[in-house]
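Here the structure is laid out as structure tokens; the discussion comes afterwards.
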Amino acid sequence: MKEIQKFYNTECNESERLMSQSGQIEYITTMKYLEMYCKKGMSVLDACAGGGIYSFPLAEIGCTVYAGDLMEINVAHIKSVNAENDKLHYIYQGDVLDLSCFHDQSFDVVLNLGSYYHLCDETDRRKSLFETLRVLKNDGIYMISYINRCANYMAHFEELKDNFSFLINYMHSGCIENSKLFYSSTPEMVEEDLKKHGMKILHHIAVDGPVFIYRDIVEHMNKKDFDAFMDMHLELCDKKSNLGYSEHGLIVAQKRTNYYCFERG
């Protein structure tokens, strides 16, 4: 927990992370699928809201948005922005491992856009899935993001070539040795986790593609070229052949069973 807190307090400004032109790839792609399923009047839990980058646009289209995050710095930012326009229904600081403040099947849509790739312990990942799915209505929409292990293998191959055993360990465990900051998985692993919990996969998206290859190129594109690039990216991002090289993945799924009863068995 301390490592995650240090990361967001001193190294990563979550409120600005997706504001660069290369960061907009992930943002625009995610918003495409949010707008596809989040409609006016729906209740939405943004359970890992960061700085509220998705919470506020969803509130703008008429969703009743509950926004929470583990990090005090992120929650403070959300409250500051919300004080100016009062768009969000409820803001809280909390952990996806304990959503006891919400009843079973409370929300039409639940967003888990952060916790899965910060939980290096398998038991915690299962608990995060249980809690976020417990509060989702039957037939509700669930969106989860993850870090792609295979893409990170490619992205960091050069810097780790002199310590190949380090890279091998990462590929086997999904975690960096002596760190509990990030967990990476494969597209197949995340799909399997969701299917075990009675979820129907609707979309599996290469949300930012191999951004580690073309980040600098994208940053220097003019608007016309960037718009053309995004049109191409959005055409290709849900093709299964593209999943392995995308730095981040996004899955849109539907809850087909009463997950709470399914889990308790």
Side-chain angles (χ1 to χ4, degrees), residues 1 4-5 7-9 11-19 23-24 26-39 42-103 106-119 124-125 127-137 140-147 181-183 205 207-208 248-253:
M1 181 69 71
I4 297 174
Q5 289 175 331
F7 178 74
Y8 283 106
N9 286 330
E11 299 178 41
C12 177
N13 186 333
E14 187 63 19
S15 304
E16 299 179 358
R17 182 175 67 86
L18 300 181
M19 295 181 69
Q24 285 288 294
E26 179 180 337
Y27 175 76
I28 292 170
T29 307
T30 302
M31 282 303 305
K32 172 187 173 180
Y33 288 90
L34 287 173
E35 291 173 345
M36 193 180 298
Y37 289 98
C38 299
K39 304 301 181 182
M42 285 186 169
S43 56
V44 179
L45 173 63
D46 192 354
C48 312
I53 193 166
Y54 299 118
S55 300
F56 288 105
L58 292 177
E60 289 284 350
I61 64 177
C63 294
T64 301
V65 180
Y66 295 65
D69 197 82
L70 180 63
M71 296 294 108
E72 182 179 356
I73 190 172
N74 292 337
V75 175
H77 178 80
I78 294 173
K79 288 181 176 179
S80 175
V81 175
N82 196 61
E84 298 176 5
N85 52 36
D86 196 24
K87 294 291 185 182
L88 303 183
H89 184 75
Y90 183 63
I91 303 167
Y92 69 97
Q93 183 178 356
D95 191 338
V96 293
L97 300 182
D98 180 8
L99 295 175
S100 56
C101 56
F102 301 118
H103 295 299
S106 293
F107 299 98
D108 298 301
V109 179
V110 172
L111 310 182
N112 185 356
L113 305 181
S115 75
Y116 192 83
Y117 56 75
H118 278 309
L119 297 172
D124 285 344
R125 289 195 299 278
K127 190 171 183 180
S128 75
L129 288 175
F130 173 77
E131 276 295 89
T132 49
L133 290 172
R134 177 184 63 79
V135 300
L136 177 65
K137 294 178 181 178
I141 297 298
Y142 187 73
M143 298 193 186
I144 185 170
S145 60
Y146 65 93
I147 292 174
L181 183 56
F182 289 113
Y183 170 78
I205 304 130
V207 73
D208 54 2
H248 296 87
L250 174 70
I251 295 181
V252 182

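This structure is a prediction, so every number in the text was calculated from the model and none was measured.
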Handout entry: Contact check, side chains of Leu99 and Tyr92, non-hydrogen atoms, under 4.5 Å
Key = yes
Fill in the blank from the handout: Here the gap from Arg134 atom CZ to Lys127 atom NZ, rounded to the nearest 0.5 Å, amounts to 10.5 Å
Practice task
Side-chain contact test, heavy atoms from C-beta onward, threshold under 4.5 Å: evaluate it for Met42 versus Tyr37 and give yes or no.
Solution key: no
Handout entry: Side chain to side chain, Pro57 and Met31, heavy atoms closer than 4.5 Å
Key = yes
Practice task
Could you grab the distance from atom NZ of Lys87 to atom OG1 of Thr64, nearest 0.5 Å is fine?
Solution key: 12.5 Å
Handout entry: Short side-chain to backbone donor-acceptor contact, Asp108 and Ser43, under 3.5 Å
Key = yes
Handout entry: Taking every non-hydrogen atom, the tightest pair across Leu97 and Ser128
Key = CD2-N, 3.7 Å
Practice task
Could you check whether the rings of Phe102 and Phe107 sit parallel, tilted or perpendicular, using 30° and 60° as the cut-offs?
Solution key: perpendicular
Completion exercise
Gly50 and Asp69 have their tightest heavy-atom pair at N-OD1, 2.8 Å
Handout entry: CA sep, side-chain torsions, deciding dist, call: Tyr54, Tyr27, ring pair (Phe, Tyr, Trp, His ring centres under 6.0 Å)
Key = CA-CA 8 Å; Tyr54 299 118; Tyr27 175 76; 5.5 Å; yes
Handout entry: Check: Leu70 main-chain N/O paired with Asp95 side-chain donor or acceptor under 3.5 Å
Key = no
Exercise for the section: Please say which of Asp208, Leu250, Ile205 ends up in a side chain to side chain contact (heavy atoms under 4.5 Å, CB included) with Thr29. Expected result: Ile205
Exercise for the section: Could you tell me whether the side chain of Arg125 and the main chain of Leu119 form a donor-acceptor pair under 3.5 Å? Expected result: yes
Problem - Heavy-atom pair with the smallest gap, counting every atom of Phe56 and Ile78 - result: CZ-O, 3.6 Å
Practice task
Please check if atom NZ in Lys79 has more than 12 non-hydrogen atoms from other residues, nucleotides or ligands closer than 6.0 Å.
Solution key: no
Handout entry: Ile61 and Leu58, any side-chain heavy atoms less than 4.5 Å apart
Key = yes
Problem - Rounded distance [0.5 Å steps], OH in Tyr117 versus CD1 in Ile144 - result: 10.5 Å
Handout entry: Distance-only side-chain donor-acceptor flag, Thr132 / Tyr142, under 3.5 Å
Key = yes
Practice task
Taking the side chain as every heavy atom from C-beta outward, state whether Val207 and Ser145 have any pair of such atoms under 4.5 Å apart.
Solution key: no
